[in-house]
Structures are given as structure tokens and as C-alpha cells.
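The sequence lines fix the lettering, A, B, ..., with proteins before strands; numbering per chain opens at 1. Here the structure is a predicted model, which is why all the values come from computation and not from measurement.
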Protein chains: 2
Amino acid sequence: MAFQNRDDDGGNETPPTGLTTDTLGKSLGYALRRAQLRTFDDFVRTLEPVNLRPAYYSLLAVIEENPGLNQSEASATLGIQRTNLVAMVDYLEGRGLIERRSAESDRRSYALHLTDSGKAVVGRARELHGAHEARLAQKLGPQGREQLLRLLQKLMD
Amino acid sequence: MAFQNRDDDGGNETPPTGLTTDTLGKSLGYALRRAQLRTFDDFVRTLEPVNLRPAYYSLLAVIEENPGLNQSEASATLGIQRTNLVAMVDYLEGRGLIERRSAESDRRSYALHLTDSGKAVVGRARELHGAHEARLAQKLGPQGREQLLRLLQKLMD
DNA sequence: TATTGTTATACTCTATAACTATA
DNA sequence: TATAGTTATAGAGTATAACAATA
């Protein structure tokens, strides 16, 4: 830590300026945010070969695992607003990765399905995702990853 | 976990739909993102009494700890673009919480300082921030917080 | 030449209100 | 009445290019 602090303290940010950031350096919320942003950034670059943003990949993955679900179910599962999901579905449908099939049981809703092309893309994306997760696991160590998952789960309660 | 899964697996999201989310449920990046968003949301509400967004609070805190720093230093420390910091400084100056003093050594830059009003507000904000951090610590347990900080630090390497 | 602050701009993500067609 | 999908819209947050003043 090339980062001078009057009083010793454990985990701290390492700003490139050499300035003091005691308040933020001691903040768990801030550490969580910075780590998430850096991890997310790596993931965004990871998915570039398939030209998908993380949210779009997550939508494809949910459709793959729950073929025929409707848009309300997809948005609720992903924590996205129904209204904001529309453009995402439009986009993926425009790329020919998914399709809206009119549901026979409820004529208001669409059943979402992957196309063959979509299945191929999500398969390739899943490989890239796996490499990203492996990179994180390597940083954390074997049991560090499980520890982190458990602690993050506690934050969700 | 009121959330059926064919195969047993440890840490998983708990979507309100009952749909399967194996890919996302096993993803550390996704867990990190969801936990950060929830934590951030709590922090946003925490700061409402002082009418400050988290980024503005972090700027006030950095100025408090490094009085006289310039905008480039502030933006680099916080990981914000210089260009995007301008409106933030404008806003806080407009509220009378900080001031731009012309730096004698370098006439291009401003020295940022808290006003007396700014010191009072950041003091109150720090109390609220402390309550937020205490809430997180309670969810994680005594040593859980330190574990999490250490693991997040590993992600930053 | 390089740096500080600045403006303009654009793109993504997110949130709300209101509409339609169905249920 | 309520729900599924949709449109319009607005607010954050973030990113790049270009400029004037100063170093």
C-alpha cells in the first residue's frame, strides 16, 4: 500500500493521488461498490466477442433455462422493470437470438424462446462467462470464493 | 429458500418468480452486483435526510480530509472523470457547502474547501453513514465484515 | 507541449405515468 | 378491476472531443 495514513488501518482503497480517503477507505459499502464496478468492467470486456452486454446475457440465460416464460416473469426474475425489458427483447429479437411466440393460454402475453442462433450465442457466451468466473476464483483462492458468496448472501437478507 | 431447483446448489438468488436461474445463481459476479445494488439502495435512502447522493457525499468527505485539493485530484481519487466532476462541484458550491478558492500557486486550478455549512452537513452525513455501516456489520457478524473487506480487496488486485 | 477546468454531447441504465388489449 | 405489453419521457451516471487559460 503506497498510501500514507496517519493512523494504521486495514483494508483501504489505493487512490492514484496519494490523498487521504479515510472515510471511504473504511467504508464497506464503498469497497463493495468499487469491487463490483471493477468486476463488472472485466465482465463487459469478457462478453465483447459475442457483442452482448451483461444484462442481455442474463436475459438470454433466463430464457434458456425457462423456455416459454413471459416478459413479466423475465423482468421480475432479473430485477428489471417490465417497461425497460421491452427494448431489450426487441433488440435480441431483432438480432434473431430470441422470438416472441403468441401464448395460447393468455393472449396478452408472449412466450419467449431462444432461436437456434440464440442457443449457439448463449453457449459461446456461457464459455466466456466461465472464464470470467474462473479469473475471479483465482483472485480469491479456493475457499475464498465460497466465503464471498456466503457473505454476499447475508447482505441480501 | 422457497425456490425449487432440481439439483442442489449452495448460494443462489431468490427470484420472486420461482423460475430457474442456475446460470446467474452460480455466478459470483451476479451475486456481487445484486448485493451491491441492494446495499447502495439502502445507502441512498440513508442519506436522504441530508439530501445528498452517495457520490456527492464521497466528494464532500474527500474535500474534508484533503482541504485545498484541486478538481483533478478529487476526480482521480474518486474514480470520476474530471469533466463529470464539474457539475458536482457546481452543485455543492451552489448549495453553499463548498467553495472554489483560486489557488495562488497555480492559477489554472481551484483549491476546494468546505464551508462552515458544508462541515456541518458532512458531519451529519457521516453519522448517517455510520448507521448504514453498522446495519451492514450486523448482517455480516463481527468477523464477517472483516472477511468481506479482505475478499473485496483481493478482487481489486 | 502538457495540464486544469470547462462545455457540449451522447449513450446506457433506470424510474414513472399512461395507454391498449386482454383477463 | 387487474394484468401483460407498450410508449413516451425524464433523470441519473458515464464517456469522448474540443476549447481557453495557464504551466
Short side-chain to backbone donor-acceptor contact, [X] and [Y], under 3.5 Å:
| X | Y | answer |
| --- | --- | --- |
| A:S27 | A:T23 | no |
| B:Q71 | B:S109 | no |
| A:N66 | A:V62 | yes |

If I take atom [atom1] in residue [X] and atom [atom2] in nucleotide [N], what distance separates them, rounded to the nearest angstrom?
| X | N | atom1 | atom2 | result |
| --- | --- | --- | --- | --- |
| A:F40 | C:dT12 | CZ | C1' | 10 Å |
| B:D41 | C:dC13 | CG | P | 18 Å |
| A:L78 | C:dA15 | CG | P | 14 Å |

| query | Does A:T83 or B:R82 map to a spot on DNA chain D nearer the 5' end, using the closest nucleotide for each? | reply | A:T83
| note | Between A:Q71 and A:R33, whichever has its closest DNA chain D nucleotide further toward 5' is A:Q71
| message | Could you walk me through whether B:R45 and B:E48 satisfy the salt bridge (charged side-chain N to carboxylate O under 4.0 Å, His left out) test, starting with their C-alpha distance in whole Å, then the side-chain angles of each, then the deciding distance to 0.1 Å, before giving a yes or no? | response | CA-CA 5 Å; B:R45 282 191 294 271; B:E48 275 176 359; over 6 Å; no
| Sugar-phosphate, base or nothing in reach of A:N70, heavy atoms under 4.0 Å | sugar-phosphate
| said: Classify A:Q81 by what it touches in the nucleic acid, base, sugar-phosphate, or nothing, heavy-atom distance under 4.0 Å. | reply: base
Decide, yes or no, whether a salt bridge links [X] with [Y] under the criterion of side-chain N to carboxylate O below 4.0 Å.
| X | Y | result |
| --- | --- | --- |
| A:D42 | A:R38 | no |
| A:E133 | A:R145 | yes |
| A:E99 | A:R101 | yes |

| remark: Under a 4.0 Å heavy-atom cutoff, the residues of residues 85-109 of chain B touching DNA chain D are B:D106, B:R107, B:R108
| said: If only side-chain N and O atoms count, and only distance matters, is there a donor-acceptor pair under 3.5 Å linking B:R53 with B:Y57? | reply: no
| field | Residue whose closest nucleotide on DNA chain C lies nearer the 5' end, A:R53 versus B:A111 | value | B:A111
| task | Return the 5'-most residue of the pair A:G79, B:N84 with respect to DNA chain C, ranking by each residue's nearest nucleotide. | result | B:N84
| query | Mind checking whether A:V89 and A:L59 have side chains closer than 4.5 Å, heavy atoms only? | reply | yes
| query | Earliest and latest nucleotide of DNA chain D, 5' to 3', sitting under 4.0 Å from a non-hydrogen atom of chain B? | reply | D:dA12 to D:dA23
